[in-house]
Participant: 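Questions regarding the structure given below will be posed in turn.
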Amino acid sequence: MIVDERVLREDFVPGEVVHRHDEITHLSETLEPLLYGDRPETTFLFGPTGVGKTCLARYTLGQLREQLPEIRTVYINCWQEYTRFRVLYRVLEATGADIDIHRSTPKDELFQRLVRTDDQPIVVILDEVDQLEETEALYDLHRLRHVSLVLIANREEELFAQFDDRVRSRLRAGTRVKFDRYGTDELVSILEERASQGLEPGVVTDAQLRTIADDAAGDARVGIGVLRSAARRATREGVESVTDDIVAAAIPNARTAIRRETVEGLIEHQRVLYDVIADADEIEPSDLYEEYEQRVDDPKTTRTLRNYLTKMIHYDLIEAVGQKRGRSYRVLESDVRENGDAADE
DNA sequence: GGTCCACCGGAAAGCTCGGTAC
DNA sequence: GTACCGAGCTTTCCGGTGGACC
């Protein structure tokens, strides 16, 4: 049934990006100075999750590389690479200048090495840049005349609010490309494209794709996840085509899978905290700390737990209800541990 | 209004780990 | 082998905030 698994992944970059013509043109024009040896302005891609920001950035840079093969491009997801050291290291890695770099190498040494890689331009995509904890990395990269930045985030106001004055003043003038949510028809055609490339002909109907698109509510990441989950389930059940029941079962499953990936990235103590909150539905801080201490042999201090909680709120795994005294915590959406169909992913 | 208490989060110090230099 | 360095994580300390109670 599945003929090309890669096409059904959210991070797959298609040969042609549909329904984003204006945004592609805007980004391409912004990066055009590279073709003449000039440095383009920093570009921001703003918009909600699943509207194609990352896909479009990677697609456009792919197009640029066809015109300018010597250009070097780096994609960095700031969820994973959120420190100055890691960001600089990833850029160095792409230039091949990362030999002998280790965790005790001073960050200034990384920067100096990057200064010496100025023989060819580098375009750095920083995805989820609002998750960057050390925004000095942006200051560093902006200082490098041969480095151009494409910064991806959800909301402009929140992103700039976390910059210090030095970074804010340098990036304020950048170009903005804003993305709206896909309409249902647009999402249906995106899913049709993926299905035609990734699945055997006729295994999923137009009506089923519309059901998936309706549920995804403009989020292509969710829509593609549901399509993948449905195809896998149909394969496992040995049926020749996707049924409506399979689609219905795949919808909650795909959402759960996205959250589960995040939960699995938690360290042991964070996971225990998450479990305590999930078990209680909603819990006050004092009860949460007490229950956590009972479940682990070597508990962390409450200050460290507060750091963990802040992190999990950032990850959209939990939410804090209320402020200061009287606050409580609860998990967001469904508990990923309860879904037995997680094997789909 | 004053006090107590629970809670948050910033700042700084301490600790651990992986690596280098001698 | 060991002293040292730097990054990342954890802990300690403490000020700020706001609800509960008198």
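Model, not experiment: these values are computed from the prediction. Note on naming: letters A, B, ... go to the chains in the order of the sequence lines (proteins, then strands), and numbering restarts at 1 for each one.
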Participant: Classify Ser286(A) by what it touches in the nucleic acid, base, sugar-phosphate, or nothing, heavy-atom distance under 4.0 Å.
Facilitator: sugar-phosphate
Participant: Whole angstrom is fine here: how far is it from CZ in Arg306(A) over to C1' in dT10(C)?
Facilitator: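 One finds 13 Å between C1' of dT10(C) and CZ of Arg306(A), rounded.
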Participant: Taking only residues two or more places apart in sequence, or in another chain, which ones meet Arg210(A) in a side-chain hydrogen bond (donor to acceptor under 3.5 Å, both in side chains)?
Facilitator: Asp185(A)
Participant: Using the side-chain heavy atoms of Thr310(A), tell me which of these nucleotides is nearest: dT11(C), dG8(C), dG9(B).
Facilitator: dG9(B)
Participant: Verify the contact: side-chain N or O of Thr304(A) to OP1 or OP2 of dT11(C), cut-off strictly under 4.0 Å; return yes or no.
Facilitator: yes
Participant: Within 45 degrees of the axis of the six-membered ring of Tyr89(A) and under 6.0 Å from its centre: does Arg84(A) put its NZ or CZ there?
Facilitator: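 No, Arg84(A) and Tyr89(A) do not form such a contact.
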Participant: Is it true that the NZ or CZ of Arg143(A) lies under 6.0 Å from the centre of Phe111(A)'s six-membered ring and within 45 degrees of the ring axis?
Facilitator: yes
Participant: Can you figure out which of dC7(B), dG8(C), dT12(C) approaches the side chain of Pro285(A) most closely?
Facilitator: dC7(B)
Participant: Which pairs with one or both residues in residues 36-45 of chain A pass salt bridge (Lys or Arg N to Asp or Glu O under 4.0 Å), sequence neighbours excluded?
Facilitator: none
Participant: Can you tell me how far C1' of dC7(B) sits from OH of Tyr292(A), to the nearest Å?
Facilitator: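 Spelled out: OH on Tyr292(A) to C1' on dC7(B) is 18 Å.
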Participant: Do any pairs count as a salt bridge (Lys or Arg N to Asp or Glu O under 4.0 Å) and have a residue in residues 47-59 of chain A, sequence neighbours left out, and if so which ones?
Facilitator: none
Participant: May I have the distance from Met312(A) (atom CE) to dG9(B) (atom C1'), rounded to whole angstrom?
Facilitator: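 The distance from CE of Met312(A) to C1' of dG9(B) comes to 16 Å, rounded to the nearest Å.
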Participant: Decide yes or no, distance alone: a donor-acceptor N/O pair under 3.5 angstrom between the base of dG18(C) and the side-chain of Arg327(A).
Facilitator: no
Participant: In whole angstroms, how far is the C1' atom of dC7(B) from the CD atom of Glu290(A)?
Facilitator: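 Rounded to the whole Å, the gap is 16 Å.
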Participant: Roughly how many Å is it from CZ in Phe85(A) to P in dC5(C), rounded to a whole number?
Facilitator: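 To the nearest whole Å, that distance equals 18 Å.
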Participant: What is the distance from CZ of Arg303(A) to C1' of dA12(B), rounded to the nearest Å?
Facilitator: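 To the nearest whole Å, that distance equals 12 Å.
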Participant: Pairs in or reaching into residues 65-75 of chain A: which pass side-chain hydrogen bond (donor to acceptor under 3.5 Å, both in side chains), with residues at least two apart or in two chains?
Facilitator: Arg65(A)-Thr73(A), Tyr75(A)-Asp127(A)
Participant: Taking the minimum atom-to-atom distance to the side chain of Tyr308(A), which one of dT12(C), dG8(C), dT10(C) wins?
Facilitator: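 Output: dT10(C).
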Participant: Whole-Å distance between dT10(C) P and Leu309(A) CG?
Facilitator: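 Between P of dT10(C) and CG of Leu309(A): 13 Å.
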Participant: For nucleotides 3-5 of chain B, print each protein N/O atom paired with a nucleotide N/O atom at under 3.5 Å, atom names and distance only.
Facilitator:
{"unit_1": "dC5(B)", "atom_1": "O2", "unit_2": "Arg325(A)", "atom_2": "NH1", "d": "2.8"}

Participant: Sequence neighbours left out, what pairs pass side-chain hydrogen bond (donor to acceptor under 3.5 Å, both in side chains) with at least one residue falling in residues 1-10 of chain A?
Facilitator: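 Every pair satisfying side-chain hydrogen bond (donor to acceptor under 3.5 Å, both in side chains) with a residue in residues 1-10 of chain A: Asp4(A)-Arg6(A), Glu5(A)-Arg232(A), Glu10(A)-Arg228(A).
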Participant: Just how far, in rounded Å, is C1' of dC8(B) from OH of Tyr329(A)?
Facilitator: 8 Å
